[in-house]
There are 2 protein chains.
Amino acid sequence: MDIFLKTIGSINDETRLKILHFIDVNGEVCVCDIENSFEMIQSRISRHLKILKDGGFLKVDRRGRWAYYSIRTPLDQFRQSILKEISCLDINIPLLNKGCKVE
Amino acid sequence: MDIFLKTIGSINDETRLKILHFIDVNGEVCVCDIENSFEMIQSRISRHLKILKDGGFLKVDRRGRWAYYSIRTPLDQFRQSILKEISCLDINIPLLNKGCKVE
DNA sequence: TTTATATATCAAGATATATTGATGTATATA
DNA sequence: TATATACATCAATATATCTTGATATATAAA
């Protein structure tokens, strides 16, 4: 029950739906890419990514000074059905706008 | 998006998960049955039923002085998958305890 | 037509969640 | 070792949601 509520709670927010769909569409991205694409402050992005990760939708891979977020694999049937439903919602997401100042 | 968030928001609450599962298990019940089974005050039950109805999970049929709630039919695939996931959660629900004082 | 039952809704307070700005930590480069 | 970049977390405030008790409405029986 607690895990279910954490999963459901993680997608019960417009900002997180957009970020989740953005990652679903663009694949692996780092935090500053999202920050730059959405024009939101970094702490806000970081918090929502943590909630989506704790909700079981995202995984994070830290390489160098970056944290790369992507859809968790393998993803169970239930979360897959949620992602599919979200992909049908016609959500308005920004274009990927790389935000990293170094490579 | 708004409909999706209303759907998700409606199941983002422990009390509503229990009520929804209770109706899924017991079939059509009236408000005072739920009130009596869960030992919660009526306004609280009524409010959660409305949210679950607005979330697309329940329908209501008013007959006489009673309002009978049941799982909405037909139920789309997405909500069906949610109900199925909830049914696997091993949620502790009370036994049906009829609360109507008249017949 | 008065009263009891069943249900819905409102207002107030309690609780939870989101946003922001500040700060902390880690990595890499100068 | 000093500085910039990338990210996470905290504290304060704002906003949303939940619970309760009071009240309103509708139905049916006395």
Side-chain angles (χ1 to χ4, degrees), chain A residues 1-2 4-20 22-23 28-55 58-70 96-103, chain B residues 1-2 4-20 22-23 28-55 58-70 96-103:
Chain A
M1 169 101 109
D2 289 349
F4 180 85
L5 281 172
K6 188 173 272 189
T7 302
I8 292 302
S10 75
I11 51 168
N12 188 35
D13 180 271
E14 185 172 338
T15 302
R16 285 197 292 275
L17 282 185
K18 287 186 175 180
I19 292 174
L20 183 56
F22 181 83
I23 294 173
E28 192 184 65
V29 288
C30 64
V31 179
C32 53
D33 290 341
I34 303 175
E35 186 186 351
N36 218 253
S37 302
F38 281 88
E39 297 188 330
M40 290 180 185
I41 63 173
Q42 179 267 325
S43 70
R44 185 176 170 190
I45 301 287
S46 185
R47 182 179 184 276
H48 285 309
L49 287 170
K50 178 174 166 49
I51 292 171
L52 285 166
K53 181 165 74 68
D54 292 347
L58 299 181
K59 66 181 163 75
V60 61
D61 185 26
R62 293 175 206 285
R63 300 199 296 271
R65 61 181 86 169
W66 293 279
Y68 292 94
Y69 283 85
S70 55
L96 176 59
N97 186 9
K98 286 275 177 190
C100 316
K101 295 183 181 168
V102 289
E103 294 291 321
Chain B
M1 170 102 109
D2 289 348
F4 180 85
L5 281 172
K6 187 173 274 189
T7 302
I8 292 303
S10 74
I11 51 168
N12 189 35
D13 180 272
E14 185 172 338
T15 302
R16 285 198 291 277
L17 282 185
K18 287 186 174 180
I19 292 174
L20 183 56
F22 181 83
I23 294 174
E28 192 185 64
V29 287
C30 63
V31 180
C32 53
D33 291 340
I34 303 175
E35 187 187 350
N36 218 254
S37 303
F38 281 87
E39 296 187 332
M40 290 179 185
I41 63 173
Q42 179 267 323
S43 70
R44 185 176 170 191
I45 301 287
S46 185
R47 181 179 184 276
H48 286 307
L49 286 170
K50 178 175 167 46
I51 293 171
L52 285 166
K53 182 166 73 69
D54 292 347
L58 298 182
K59 65 181 164 73
V60 59
D61 185 24
R62 293 176 206 285
R63 299 198 296 271
R65 63 182 84 172
W66 293 279
Y68 292 95
Y69 284 86
S70 56
L96 176 58
N97 185 9
K98 285 276 178 190
C100 316
K101 294 183 182 167
V102 290
E103 292 292 322

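In what follows, chains carry the letters A, B, and so on, assigned in the order in which the sequence lines appear, proteins first and then strands, with residues in each chain numbered from 1. Because the structure is predicted, anything quoted here is derived from the model rather than measured.
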Subject >> side chain to side chain donor-acceptor pair (under 3.5 Å) partners of B:S37, counting only residues at least two apart >> reply: none
**OP:** Under the side chain to side chain donor-acceptor pair (under 3.5 Å) rule, collect the residues that match up with B:D13, sequence neighbours excluded.
**Re:** none
Original post:
Between which residue ranges does DNA chain C form stems of three or more consecutive Watson-Crick or G-U wobble pairs, both distances under 3.5 Å?
Top reply: C:1-30 with D:1-30
Subject >> Atom pair distance, as rounded to whole Å: CD1 in A:I34 and C1' in D:dA6 >> reply: 13 Å
**OP:** Under 4.0 Å between any heavy atoms, over every strand shown, what does A:Y69 touch: base, sugar-phosphate, or nothing? Just pick one.
**Re:** sugar-phosphate
Subject >> Atom-pair distance (CG on A:L58; C1' on D:dC7), nearest Å >> reply: 15 Å
Original post:
To the nearest angstrom, how far is B:I8 atom CD1 from C:dT17 atom P?
Top reply: 16 Å
Original post:
B:K53: what forms a salt bridge (charged side-chain N to carboxylate O under 4.0 Å, His left out) with it, not counting sequence neighbours?
Top reply: none
Original post:
Could you give the NZ-to-P distance, from A:K53 to D:dT9, as a whole number of Å?
Top reply: 8 Å
Original post:
Quick one: salt bridge (charged side-chain N to carboxylate O under 4.0 Å, His left out) partners of A:K6, sequence neighbours excluded?
Top reply: none
Original post:
By side chain to side chain donor-acceptor pair (under 3.5 Å), which residues pair with A:N12, not counting sequence neighbours?
Top reply: none
Subject >> Gap between atom CG of B:L49 and atom CD of B:E35 - 0.5 Å precision >> reply: 10.5 Å
Subject >> 4.5 Å side-chain heavy-atom contact, A:W66 and A:V102 >> reply: yes
**OP:** Could you please name the option among C:dA8, C:dA6, D:dC7 that lies closest to any side-chain atom of A:A67?
**Re:** D:dC7
Original post:
What is the distance, rounded to the nearest whole Å, between atom CD1 of A:I51 and atom C1' of C:dA16?
Top reply: 12 Å
Original post:
Looking at residues at least two apart in the chain, or sitting in another chain, which of them share a side-chain contact (heavy atoms from CB on, under 4.5 Å) with A:E28?
Top reply: A:D61, A:R63, A:Y68, A:S70
Subject >> Residue that, paired with B:L52, satisfies side chain to side chain contact (heavy atoms under 4.5 Å, CB included) out of B:L17, B:I23, B:I19 >> reply: B:I19
**OP:** Using salt bridge (charged side-chain N to carboxylate O under 4.0 Å, His left out) as the criterion, list what pairs up with A:K59, not counting sequence neighbours.
**Re:** none
Original post:
For the pair made of CZ in A:R65 and P in C:dT27, what is the distance, rounded to whole Å?
Top reply: 11 Å
Original post:
Does a side-chain N or O from B:R62 land closer than 4.0 Å to OP1 or OP2 of C:dA8, or not?
Top reply: yes
**OP:** Would you kindly compare A:I41 and A:R63 by the position of their nearest DNA chain C nucleotide and give the one closer to the 5′ end?
**Re:** A:I41
Subject >> With A:R44 via side-chain contact (heavy atoms from CB on, under 4.5 Å) - residues at least two apart >> reply: A:T15, A:M40, A:I41, A:H48
**OP:** Return the residues of residues 42-50 of chain B meeting this criterion: a heavy atom under 4.0 Å from some atom of DNA chain C. Order them by number, or give none.
**Re:** B:Q42, B:S43, B:S46, B:K50
Original post:
Which ones in residues 9-20 of chain B lie close to DNA chain D, meaning a heavy atom under 4.0 Å from one of its atoms?
Top reply: B:D13, B:T15, B:R16
**OP:** Send over the distance from B:E35 CD to D:dT19 C1', rounded to a whole Å.
**Re:** 15 Å
Original post:
To the nearest angstrom, how far is A:K101 atom NZ from D:dA6 atom P?
Top reply: 7 Å
**OP:** Kindly write out the residues that satisfy side chain to side chain donor-acceptor pair (under 3.5 Å) with B:T7, not counting sequence neighbours, or none if the list is empty.
**Re:** B:R79
